[in-house]
Amino acid sequence: MADIKSLKQISDTIWEIPISYKEGMRVPARIYGTDKLIQEMDDAVYDQITNVATLPGITKYALCMPDGHFGYGFPIGGVAAMDVENGGVISPGGIGFDINCGMRLVVTNLTYDEVKPYIKKVVDRLYERVPAGVGSTGFVKISRNEFRKVVEQGARWCVDNGYGWEEDLELIEENGCIAGADSAKISEKAIDRGFNQIGTLGSGNHYLEIQIAKKENIFEPELAAKLGITQPDQVVVMFHCGSRGFGHQVATDYLQVFLKVMESKYGIKILDRELACAPFDSPEGQAYFSAMKCGLNMSFANRQVILHRIREVFSEIFGRSAEDLGMHMVYDVAHNTAKLERHIVDGKERSLLVHRKGATRAFAPEMTGIPARYENIGQPVIIGGSMETGSYLLVGVPSGAQSFFSTAHGSGRTMSRTKARKTFRGEKLQKDMQARGIYVRSTSWAGLAEEAGGAYKDVDELIEAAELAGISKKVVRFTPIGNIKG
DNA sequence: ATGTCC
């Protein structure tokens, strides 16, 4: 249990750790959450977020979102903006091993009544068509050389090769193709691990879920309609996955590079080896930034091919084309990434490399980088809850400037995977969930137990906390009816 | 998260 008394309370949902807490802190740390959420957080979050506050170039605050929990180096939920014109660093631990782990949301024009009789069929068919589990490989058979094009072109490659619609690209940041991704900056080993993994879900907390928007959970009907949620009990599909073994290898490769040069070449001393970093404006920092972009693109491509499969399955089962079923994308958003952005800090515009690790960008209305059709409503934010509870669609707000326009990314664990495996039984969980109207399939009973709702924070409370703090606004809450767990 | 330790 965290000692809440050591924190300075800024508001009902914002808590600060001053620079006097630990030697070397350059800025205070701020943690978001209600007092209940703060008390649930493990002490490791305090330690990790204050370590982050010592990194060169960190600007204003080291931030932790309300779903924060222990992670590699940075806490999951960590946000750190580095001033790249003043020695700011780039750190793989601030991005995550799963580069561009993220969420995608697609709507249908079907309602719960229409889908309910087929839910088992839909989930079983999706389970066959979207490979899940550790080491799974996909149906897209391409050479290693062609895969280099995928990591440089992202979702654009997919649409050009028949996986998806041109309009999908408008609903991904930078149109699903991050510029500056150079495959010369990645290892052969990374290519080997990734070239046969396009269109696969992965494992752990990765999943694909069929959900409904109950009438009472459409909080902002006008905003919801603009995002494609137009009727009560509308069925949507949400999924969560990343760059698989490819991104993992990129992160592993560059952590080693950074550990070699960090202190000897750049004189950077850190409190935790897991915070290995290099100046953004160094050959090593720039090489990793480019390699990381390959990871971003791999993940956009992965989710693009999965979307294609989802459309195929719905089309087969409901006997109409995906167009007729209205299967438009709402948005695709990364929650493990670092981006160069312009932010106003103390009245002055600065160029910052914003690390978001288990945190979602949440740009306010009118900001550059939002799809044109959402310009007036703000950037959509997709929050995946646990498979037993619910998920959210939010939008960014102007007061999000305080967190470099960042908010939460998911429920956030309260229980370790080990403890969850001991506490819950996968088989029983599946039966209990089915009795409550959620049909779930998984590649592993132990893996299913790890993802039990009881192992996660209360998603409703943390979304409320994010709204009270002024970092995002809730639009719709979705309820699960079917889930494929990786 | 991850060919869950080359």
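Every value quoted in this text rests on a predicted model; they were computed, and no experiment measured them. Naming convention: chains lettered A, B, ... in sequence-line order (proteins, then strands); numbering from 1 in each chain.
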Does the pair A/Lys260 and A/Glu284 meet the rule for a salt bridge (charged side-chain N to carboxylate O under 4.0 Å, His left out), with working shown?
-> CA-CA 10 Å; A/Lys260 269 190 204 127; A/Glu284 295 85 359; over 6 Å; no
Indicate whether OP1 or OP2 belonging to [N] is found under 4.0 Å from a side-chain N or O atom of [X].
| X | N | value |
| --- | --- | --- |
| A/Gln197 | B/dG3 | yes |
| A/Ser203 | B/dT2 | yes |
| A/Arg244 | B/dT2 | yes |

Give one of base, sugar-phosphate or nothing for A/Gly245, where a contact means two heavy atoms less than 4.0 Å apart.
->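 The residue A/Gly245 makes sugar-phosphate contact but no base contact.
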When all nucleic acid strands are considered with a 4.0 Å heavy-atom cut-off, which category describes A/Gly204: base, sugar-phosphate, or nothing?
->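 Answer is sugar-phosphate: A/Gly204 comes under 4.0 Å of backbone atoms only.
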Atom-pair distance ([atom1] on [X]; [atom2] on [N]), nearest Å:
| X | N | atom1 | atom2 | answer |
| --- | --- | --- | --- | --- |
| A/His206 | B/dT2 | NE2 | C1' | 10 Å |
| A/Glu450 | B/dT2 | CD | C1' | 13 Å |
| A/Phe246 | B/dG3 | CZ | P | 13 Å |
| A/Lys189 | B/dT2 | NZ | C1' | 12 Å |
| A/Gln249 | B/dT4 | CD | C1' | 14 Å |
| A/Ile191 | B/dG3 | CD1 | P | 15 Å |
| A/Asp253 | B/dC6 | CG | P | 13 Å |
| A/Asp192 | B/dC6 | CG | C1' | 15 Å |

Within 45° cone of A/Tyr456 ring axis and under 6.0 Å: A/Arg413 NZ or CZ |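 Flagged: A/Arg413 positioned over aromatic ring of A/Tyr456.
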For A/Ser403 and A/Met65, work out which heavy atoms get closest and say how close.
->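 Minimum heavy-atom separation between A/Ser403 and A/Met65: CB-CE, 4.3 Å.
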Do A/Tyr254 and A/Tyr288 pass the ring pair (Phe, Tyr, Trp, His ring centres under 6.0 Å) test, and can you show the C-alpha distance, the side-chain angles, and the key distance before you say yes or no?
-> CA-CA 6 Å; A/Tyr254 279 91; A/Tyr288 170 62; 5.5 Å; yes
